[in-house]
**Q** 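First, the structure itself, so that you have it in front of you.
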Amino acid sequence: MAKRDRTFVQVQVDPDKKNRFAEKLEGEGKKITDIINQWIDEYLGESPADVDVTELKNNVALLQERLSVLEQAFQTKEKEYQGESVA
């Protein structure tokens, strides 16, 4: 797309937040325009969203915790049922 085919979008953001955003992007070697265009494309469903590995890891950890709780509850109930069938 040629530059003349573009338009500007203005967004009001807290100055400190904008500076932290810009610093993070700079550290990642990215440009504000590129990442905002990526977000817009993702929102419009015109490009696949990047997988957030950290979020996936957190979700897996939560699921593992829940599974562990369920396994413990199952084992407790199983012992109770075994005790009842013996009696």
Side-chain angles (χ1 to χ4, degrees):
M1 179 181 298
K3 286 192 176 196
R4 67 178 182 266
D5 293 338
R6 295 183 175 227
T7 187
F8 288 93
V9 176
Q10 293 181 324
V11 180
Q12 293 183 1
V13 181
D14 175 87
D16 179 58
K17 186 182 290 188
K18 188 259 182 186
N19 290 335
R20 289 183 289 126
F21 179 59
E23 287 172 6
K24 182 173 180 174
L25 288 171
E26 183 178 332
E28 295 174 354
K30 298 176 182 177
K31 296 179 182 172
I32 290 176
T33 298
D34 295 336
I35 197 74
I36 291 176
N37 276 318
Q38 177 185 338
W39 290 343
I40 292 170
D41 289 343
E42 289 171 5
Y43 185 78
L44 295 173
E46 295 176 359
S47 71
D50 288 339
V51 174
D52 184 342
V53 176
T54 303
E55 183 178 353
L56 286 175
K57 286 180 180 180
N58 290 339
N59 288 342
V60 168
L62 288 171
L63 288 171
Q64 288 173 328
E65 286 178 36
R66 293 174 74 181
L67 179 58
S68 177
V69 169
L70 289 171
E71 286 174 335
Q72 289 173 3
F74 177 77
Q75 289 172 358
T76 301
K77 286 292 183 186
E78 187 176 41
K79 287 178 184 177
E80 288 176 13
Y81 292 137
Q82 288 173 354
E84 289 174 7
S85 64
V86 171

**Q** Using side-chain heavy atoms (C-beta onward) and a distance below 4.5 Å, is Val60 in contact with Gln64?
**A**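 Answer yes - side chains close enough.
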**Q** Would you check if Asn37 and Arg6 make a side-chain contact, meaning some heavy-atom pair closer than 4.5 Å?
**A**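 Yes; the side chains approach each other to less than 4.5 Å.
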**Q** Is a donor from one side chain sitting under 3.5 angstrom from an acceptor on the other, for Gln75 and Glu71?
**A**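 Side chains of Gln75 and Glu71: no pair found under 3.5 Å.
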**Q** What distance do Glu26 atom CD and Ile32 atom CD1 have between them, rounded to the nearest 0.5 Å?
**A**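 Between atom CD of Glu26 and atom CD1 of Ile32 there are 10.0 Å.
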**Q** Test of understanding: with side-chain hydrogen bond (donor to acceptor under 3.5 Å, both in side chains), list the residues that count as partners of Asp16, not counting sequence neighbours.
**A**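 Here the qualifying residues are Arg20.
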**Q** So which residues get pulled into Val9's cluster when ILVMFWY side chains under 4.5 Å apart are joined, directly or through others?
**A**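 Its cluster mates, by chain and number, are Val11, Val13.
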**Q** Assigning hydrophobic clusters by single linkage (Ile, Leu, Val, Met, Phe, Trp, Tyr; side-chain heavy-atom cutoff under 4.5 Å), is Leu63 placed with Phe74?
**A**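 Not linked; separate clusters.
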**Q** How long is the straight-line distance from CD1 of Ile40 back to CD1 of Ile35, given to the nearest 0.5 Å?
**A**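 Reported value, rounded in 0.5 Å steps: 11.0 Å.
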**Q** Quick one: ring pair (Phe, Tyr, Trp, His ring centres under 6.0 Å) pairs with a partner in residues 5-26, sequence neighbours left out?
**A**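 Ring pair (Phe, Tyr, Trp, His ring centres under 6.0 Å) check on residues 5-26 returns Phe21-Trp39.
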**Q** Could you give the distance from CD (Glu23) to NZ (Lys18), rounded to the nearest 0.5 Å?
**A**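 Rounded to the nearest 0.5 Å, the CD-NZ separation comes out at 10.0 Å.
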